[in-house]
> 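Below you'll find the structure I mean.
Numbering starts at 1 and runs along the sequence shown.
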Amino acid sequence: MGVEAPLLAGVSVAAAALGSRYLLQAWQAFKARPHIRRFYYGGFEPVMTRREAALILGVRERAAMEKIKEAHRRVMIANHPDRGGNNYLAIKINEAKDTLMGRTKGSGSVF
């Protein structure tokens, strides 16, 4: 009985050390992973690009026309000036749809 207690204590300390080492490594790996942003943080470009238009509408740059129209409708309903949105965002949303559908006439923005 005299030898078993120190042996059990040593195994317990080793198990706690290995467990904490594993948790520390897992935490560092979690902190180092890239953060995925759901929304586009930043202002608008002077001339809208396909990438920016896709970010505004929440679709891929090469999305099908139906997906673009559906996304435009969803975003426009949420930001329409008649429902509390503002004119500038509505113009940019329309410009994004036009850019992705290939109907670009330059900047298109009055601002």
> If you define the side chain from C-beta out and look only at heavy atoms, does anything of M76 sit under 4.5 Å from N94?
yes
> Taking the side chain as everything from C-beta on, heavy atoms only, tell me whether Y88 gets closer than 4.5 Å to I93.
no
> Grab the two heavy atoms, one from V75 and one from I56, that are nearest each other, plus how far apart they are.
CG2-O, 4.1 Å
> Test: side chain to side chain donor-acceptor pair (under 3.5 Å). Region: residues 13-28. Which pairs qualify, not counting sequence neighbours?
none
> Honestly curious: do I77 and L57 fall in one hydrophobic cluster under the side-chain, below-4.5 Å linking rule?
no
> Measure across M48 and K92 and return the closest heavy-atom pair with its distance rounded to 0.1 Å.
CE-O, 3.7 Å
> Any chance you could measure K97, atom NZ, to I68, atom CD1, to the nearest 0.5 Å?
10.0 Å
> How close do V59 and L100 get, counting heavy atoms only, and between which atoms?
CG2-CD1, 3.8 Å
> I'd like to check the side-chain contact (heavy atoms from CB on, under 4.5 Å) partners of A78; sequence neighbours left out, ordered by chain and number.
none
> Tell me the closest heavy-atom pair linking A96 and A53, and the distance in Å.
O-CB, 3.5 Å
> Tell me every residue that passes side-chain hydrogen bond (donor to acceptor under 3.5 Å, both in side chains) with N86, counting only those two or more places apart in sequence or in another chain.
none
> Quick check on the hydrophobic clustering: are V13 and L8 connected, directly or via other members, by side-chain heavy-atom contacts under 4.5 Å?
no
> Could you give all pairs that pass the side chain to side chain donor-acceptor pair (under 3.5 Å) test and reach residues 54-70, with sequence neighbours left out?
none
> Can you tell me how far the OG1 atom of T49 sits from the CZ atom of F44, to the nearest 0.5 Å?
11.5 Å
